[in-house]
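Just so we're on the same page: letters track the sequence lines, and every chain starts at 1. Below, each value reflects all heavy atoms present in this structure, side chains not excepted, and no hydrogens, waters or symmetry copies.
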Protein chains: 2
Amino acid sequence: MKKRISESTIHRLSLYYRALSLLEKENVVTVSSKELAKREKLTPAQVRKDLSFFGSFGTRGLGYQVAELRSRMSHILGINRDWRVALIGIGNIGSALVSYKEFARQGFHIVKLFDNDQRKIGSNHKGIVVSDIKDLEKELKEDNIEIVIVAVPATVAQYIVDDVVAAGVKAILNFAPINLRVPPEVCLRNENMSMELEYLSFAVVNNHTPKKVI
Amino acid sequence: MKKRISESTIHRLSLYYRALSLLEKENVVTVSSKELAKREKLTPAQVRKDLSFFGSFGTRGLGYQVAELRSRMSHILGINRDWRVALIGIGNIGSALVSYKEFARQGFHIVKLFDNDQRKIGSNHKGIVVSDIKDLEKELKEDNIEIVIVAVPATVAQYIVDDVVAAGVKAILNFAPINLRVPPEVCLRNENMSMELEYLSFAVVNNHTPKKVI
DNA sequence: TAATTCTTGTGAAGCATTTCACATGAGCGG
DNA sequence: CCGCTCATGTGAAATGCTTCACAAGAATTA
Ligand SMILES: NC(=O)c1ccc[n+]([C@@H]2O[C@H](COP(=O)([O-])OP(=O)(O)OC[C@H]3O[C@@H](n4cnc5c(N)ncnc54)[C@H](O)[C@@H]3O)[C@@H](O)[C@H]2O)c1
Ligand SMILES: NC(=O)c1ccc[n+]([C@@H]2O[C@H](COP(=O)([O-])OP(=O)(O)OC[C@H]3O[C@@H](n4cnc5c(N)ncnc54)[C@H](O)[C@@H]3O)[C@@H](O)[C@H]2O)c1
């Protein structure tokens, strides 16, 4: 019975959630798969198929209740609750992420910072004191951290991630441009900006246009 | 004859390029599809099929010459040359990107910065003076910019992108969490970190492990 | 109540991508 | 130079994902 949900479907759930949030702000009460599709450059059939993996949320002839569907989406995505996030590496990109208030508004609360630079350890970023990387495993456990963001140089990322995994964390967002080894029960996602620039460069040189834009 | 190259293949080309660069640093001379696959958690067949879209670069029984294949990859990806990049929005994320030296090392040179904040206009970031957003279209044309990175609030991103498109730019990397409209000849890529966090949250809640890690 | 309109939910068809499997060619050791 | 090993390149099969197309349910109007 349990069908494997594809990566693309999960990403589109995020898009639906985003579109529904906007619709709610616009005080729109119901929305059809057609309208939802248009807003995120997809097809109505795609929208309905994606939703159908999780249940049937609409009314024939009418469409979907915006508020209800949004709430359903948030449950499916697991964002109807708060998440405790730790950020490792308070450099260029790390600092940008701590300052980004939107994450907290979405339920992703960065509650812990780590670095190995003595000048940074003990300093305060947006109300959070930077911890020593030495205490990583211990503090991740103590603080019940569920998601870790890795923003350290690629050369040390694997060591860091090994500790993160040892601490029992099951979800990692990695910014270092390196292929990290994690056990199968840990979900690792990579945010690789160079790869996106290379995609653009490929597209320009080869006159290629992507079919779908993530 | 011209086969459509899939998004996944293009992303994997970046992975091959990265792995080959490391192999070259390690003074490895030849590499098999098997080894290349292992390094990036792929299958040997996948590697060979991807490469086969662009030619045949290997030697049966031996594998691929690391230096040669790397050079071929860089030509295919269009990174055997320099690119002139402009960055719009010198806030949290924009500042992090300007400071990141790796982009320039890969041939992506951020040579132009834009903002609308009077306190930022005229200021110097890593040797580049921030221009007024008012002059965006004119300066993008004058300076022959080919790739634009958009790091402004979502509320203004569409206006900015319209100007970027009007200036004839064909490649855009967008960090704003919004679905931007661009004409079909323009390649738009979105870097959406919230979406990745939502992916992780989905994975944890649904006990889902992705098949492939991008 | 019946006819009309609208839009969902979903098997099945149509495409796309990945994996398989093997013929083929290169190097090497005896 | 022959036989053995290794690894590529590629059609074909298998798998996965998207789109089609339509039965069926809900509202609305007559
Ligand atoms: N800055 C960007 O725009 C950008 C873009 C793409 C990728 N990245 C990647 O993101 C990562 C961080 O980049 P950055 O520009 O912020 O680098 P950075 O050097 O500014 O920051 C790295 C931080 O990690 C800390 N660190 C180093 N070793 C550590 C360790 N062992 N334990 C804990 N902390 C440690 C450093 O003290 C520093 O604060 C890198 O892997 C980089 O390749 C950055
Ligand atoms: N900071 C992050 O970690 C992060 C994470 C995910 C997504 N984002 C997205 O990236 C974008 C930038 O985020 P940020 O945190 O750097 O925001 P920010 O507010 O720090 O920076 C935005 C910059 O854009 C400039 N700007 C505003 N309107 C402009 C206009 N019309 N023309 C030119 N410049 C203008 C502002 O002056 C500011 O310098 C946002 O869309 C945000 O949602 C940021």
Side-chain angles (χ1 to χ4, degrees), chain A residues 1-13 15-16 19-20 23 28-66 68-69 72-73 76 199 208-214, chain B residues 1-13 15-16 19-20 23 28-66 68-70 72-73 76 208-214:
Chain A
M1 191 65 247
K2 234 186 196 168
K3 216 184 160 311
R4 219 207 129 66
I5 303 298
S6 76
E7 186 189 339
S8 314
T9 293
I10 302 173
H11 274 147
R12 284 191 300 266
L13 294 183
L15 299 182
Y16 303 148
L20 290 162
L23 284 163
V28 177
V29 176
T30 61
V31 68
S32 64
S33 59
K34 196 173 160 193
E35 172 63 18
L36 209 41
K38 207 181 87 194
R39 294 226 175 191
E40 293 294 344
K41 280 201 286 260
L42 302 164
T43 65
Q46 181 84 81
V47 173
R48 296 200 300 275
K49 179 63 88 180
D50 283 339
L51 297 183
S52 79
F53 294 137
F54 302 96
S56 49
F57 309 119
T59 311
R60 285 160 198 235
L62 200 65
Y64 305 90
Q65 297 296 115
V66 170
E68 193 214 329
L69 187 57
R72 301 292 201 116
M73 290 294 101
I76 293 164
Y199 193 108
H208 160 101
T209 334
K211 208 165 63 177
K212 45 174 178 185
V213 184
I214 312 180
Chain B
M1 192 62 252
K2 234 187 196 168
K3 215 183 157 316
R4 218 205 130 65
I5 304 298
S6 75
E7 185 190 339
S8 313
T9 294
I10 301 172
H11 275 147
R12 285 192 299 267
L13 293 182
L15 298 182
Y16 303 148
L20 290 162
L23 284 163
V28 178
V29 177
T30 61
V31 67
S32 64
S33 59
K34 196 173 158 192
E35 172 64 17
L36 209 42
K38 207 181 84 194
R39 295 225 174 193
E40 294 294 343
K41 281 202 285 261
L42 302 165
T43 66
Q46 181 83 82
V47 173
R48 297 201 299 276
K49 179 64 85 180
D50 282 341
L51 298 182
S52 78
F53 295 136
F54 302 96
S56 49
F57 310 119
T59 312
R60 283 155 200 239
L62 232 182
Y64 305 90
Q65 297 298 114
V66 171
E68 193 214 329
L69 186 57
R70 175 168 177 275
R72 299 293 200 115
M73 288 295 101
I76 293 165
H208 160 101
T209 334
K211 209 166 65 177
K212 45 176 177 181
V213 185
I214 311 180

Integer-rounded Å distance: [N] [atom2] and [X] [atom1]:
{"X": "B/Phe57", "N": "D/dT10", "atom1": "CZ", "atom2": "P", "answer": "11 Å"}
{"X": "A/Leu42", "N": "D/dC17", "atom1": "CG", "atom2": "C1'", "answer": "14 Å"}
{"X": "A/Glu7", "N": "D/dT18", "atom1": "CD", "atom2": "C1'", "answer": "16 Å"}
{"X": "B/Phe54", "N": "D/dG9", "atom1": "CZ", "atom2": "P", "answer": "14 Å"}
{"X": "B/Glu40", "N": "C/dT18", "atom1": "CD", "atom2": "C1'", "answer": "18 Å"}
{"X": "B/Lys34", "N": "D/dG9", "atom1": "NZ", "atom2": "P", "answer": "17 Å"}

Within the structure, does a side-chain N or O atom of [X] lie under 4.0 Å from either OP1 or OP2 of [N]?
{"X": "A/Ser33", "N": "C/dT7", "result": "no"}
{"X": "A/Arg4", "N": "D/dT15", "result": "no"}
{"X": "A/Thr43", "N": "D/dT19", "result": "yes"}
{"X": "B/Tyr64", "N": "D/dG9", "result": "yes"}

Give, for atom CG of A/Leu20 and atom OH of A/Tyr64, the distance between the pair rounded to the nearest 0.5 Å.
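Reported value, rounded in 0.5 Å steps: 10.5 Å.
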5' priority, DNA chain D, between A/Thr59 and A/Ile5 [closest heavy atom]:
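Of the two residues, A/Ile5 wins.
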Comparing A/Ser6 and B/Leu62 on DNA chain D - which has the more 5′ nearest nucleotide
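The residue closer to the strand's 5' end, by nearest nucleotide, is B/Leu62.
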Where along residues 44-53 of chain A does a heavy atom fall under 4.0 Å from DNA chain C?
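Heavy-atom contacts with DNA chain C come from A/Arg48, A/Lys49, A/Ser52.
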Any side-chain heavy-atom pair of [X] and [Y] under 4.5 Å:
{"X": "B/Met73", "Y": "B/Leu51", "value": "yes"}
{"X": "A/Arg39", "Y": "A/Leu23", "value": "yes"}
{"X": "B/Gln46", "Y": "B/Asp50", "value": "yes"}

Pick the nucleotide of DNA chain C nearest each of B/Gly61 and B/Lys211; which residue has the one closer to the 5' end?
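That would be B/Lys211.
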Step by step, would you call A/Leu69 with A/Leu36 a side chain to side chain contact (heavy atoms under 4.5 Å, CB included)?
CA-CA 11 Å; A/Leu69 187 57; A/Leu36 209 41; 4.2 Å; yes
So which nucleotide from C/dT18, C/dT7, C/dT24 ends up closest to the side chain of B/Arg60?
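Shortest atom-to-atom distance from the side chain points to C/dT24.
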Show, in sequence, the C-alpha distance, side-chain angles and deciding distance for B/Thr9 and B/Arg12, and conclude whether the side chain to side chain contact (heavy atoms under 4.5 Å, CB included) test is met.
CA-CA 5 Å; B/Thr9 294; B/Arg12 285 192 299 267; 3.3 Å; yes
Mind checking whether A/Tyr199 and A/His208 have parallel, tilted or perpendicular rings, split at 30° and 60°?
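Rings of A/Tyr199 and A/His208: perpendicular, over 60°.
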